[in-house]
Amino acid sequence: MSTQKIQIFDTTLRDGEQVPGCKLNMQEKLVIARQLEQLGVDVIEAGFPVSSPGDFEAVKAIAAQTKEATVCGLSRAVANDILTAAEALKGAKRPRIHTGIGTSDLHVTYKLRITRDEVIARAVEAVKLAKRYVEDVEFYAEDAGRTDNVFLARVCEAAVAAGATVLNIPDTTGYCLPEEYGAKIKYLYENVKGIDKVCLSTHCHNDLGLATANSVAGVINGARQIECTINGVGERAGNTALEEVVMILRQHPYLNLTTGINSRMLTETSALVSHMMRMPVQPNKAIVGANAFSHSSGIHQDGMIKHRETYEIIDPREVGVDQSSIVLTARSGRAALAYRLQKLGYKFDKPTIDKAYTSFLHVADVKKEVVDEDLHVLVEQQNLVAAN
Ligand code: KIV
Ligand code: ZN
């Protein structure tokens, strides 16, 4: 089976930026968009042009600056939204309008207060209107995760017939289980007329911590685009983390799914977005957290020193981290202490290491982490003598 390319649709600047306190100014958005393009994303969702004059201008400026990636603007299935998105995207080399409407019974009954047939009519009208301005039109069925599959397939079929090129199936509330979301994508793949001509897209939220798992289930079942954000930023518990899905596909080559992302730029991109959004990355965050390649327990450190792959599935250089780190704490063993002392230029025989280790444990019990400076002091205070 030949390897299939999964399109990476980054929505850090749209869904990601909806996080309270993470608002970016125009300059910051341009810098992030440039970084995303260098990283190799296929689509940059630059904003929601009708939402504010600032967002309109940002989408316009990103459209003008971007050379290779598709630039996308969000709209509701509302004529003025679509016209405003089309206007903001005028200067884009590859423009895409992203339009859609809620499809779950909850959205149809309580939010939209219209009938299911009216939802389909509005979806068709929106896609047809967007199509007058751009060739590439993505349709989203908001709350597809909680939409009954038979109705969802009807809406998707109508959107495809109206000219949609991409069908986005958002799990807007992060409700689905991976099996359920994967089955939904499979059902659409098998039941929507014309689906073979368009691209199915995942868009998963992380309310139950399943956004990444659901996105992967989606592509295993036929989706060919993943919508995600750097560091998984996004409303509430966030969106699918770009770095996670990219590395999952890379670490599991038998899936025959690949992306165009330069994984060596993941760590610097994560740091840039975290800094500009003033949103720290949790230390234990997969792939880009400060502790993702750091080892502190004695058992793991001993294995790591002997052979890195005993406790690491990713070579840190693959994601732009120079090397794994061996952190000295009260849980560390002699092997780790000897290793770190050696890195500082101290080569001791076994009895000396034993002596150093006893002193080290006293320091480690007081301090959370024993750093290089502490080791130099320890060697001096204990008068440790190097082996010949
Ligand atoms: O989560 C969602 O449903 C969305 C759509 C607007 C695409 O972000
Ligand atoms: Zn979303």
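Counting starts at 1 for both ligands and their atoms, in listed order. The structure displayed is predicted, hence computed values, not measured ones.
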Give a yes or no on this: more than 12 heavy atoms of other residues, nucleotides or ligands lie within 6.0 Å of atom NE2 of His376.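 More than 12 heavy atoms, drawn from other residues, nucleotides or ligands, come within 6.0 Å of this atom.
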More than 12 foreign heavy atoms under 6.0 Å from CD1 of Ile114: is that the case here? yes
Could you check whether any side-chain N or O of Arg224 sits under 3.5 Å from a backbone N or O of Val219, counting only pairs where one atom can act as donor and the other as acceptor? yes
Using modelled atom types and a 3.5 Å cut-off, is there a donor and acceptor pairing between side-chain atoms of Lys131 and backbone atoms of Gly163?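 Yes.
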Kindly print each ligand 1 N/O atom paired with any protein N/O atom under 3.5 angstrom away, one pair per line, or none if nothing qualifies.
unit_1	atom_1	unit_2	atom_2	d
ligand 1	1 (O)	His203	NE2	3.2
ligand 1	1 (O)	His205	NE2	3.0
ligand 1	3 (O)	Thr172	OG1	2.7
ligand 1	8 (O)	Arg14	NH1	3.4
ligand 1	8 (O)	Arg14	NH2	2.9
ligand 1	8 (O)	Asp15	OD2	3.1
ligand 1	8 (O)	His203	NE2	3.1

Any luck finding a side-chain donor-acceptor pair between [X] and [Y] under 3.5 Å?
X      : Y      : answer
Ser332 : Gln301 : yes
Thr115 : Asp117 : no
Asp136 : Thr165 : yes

Vertex the Zn ion (ligand 2): angle to NE2 of His203 and NE2 of His205, to 10°? 100°
Need the atom name: nearest N/O/S atom of Asp15 to the Zn ion (ligand 2).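 It is OD2, the N, O or S atom of Asp15 closest to the Zn ion (ligand 2).
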With a cut-off of 2.8 Å, does any N, O or S atom of Glu227 fall short of it relative to the Zn ion (ligand 2)? no
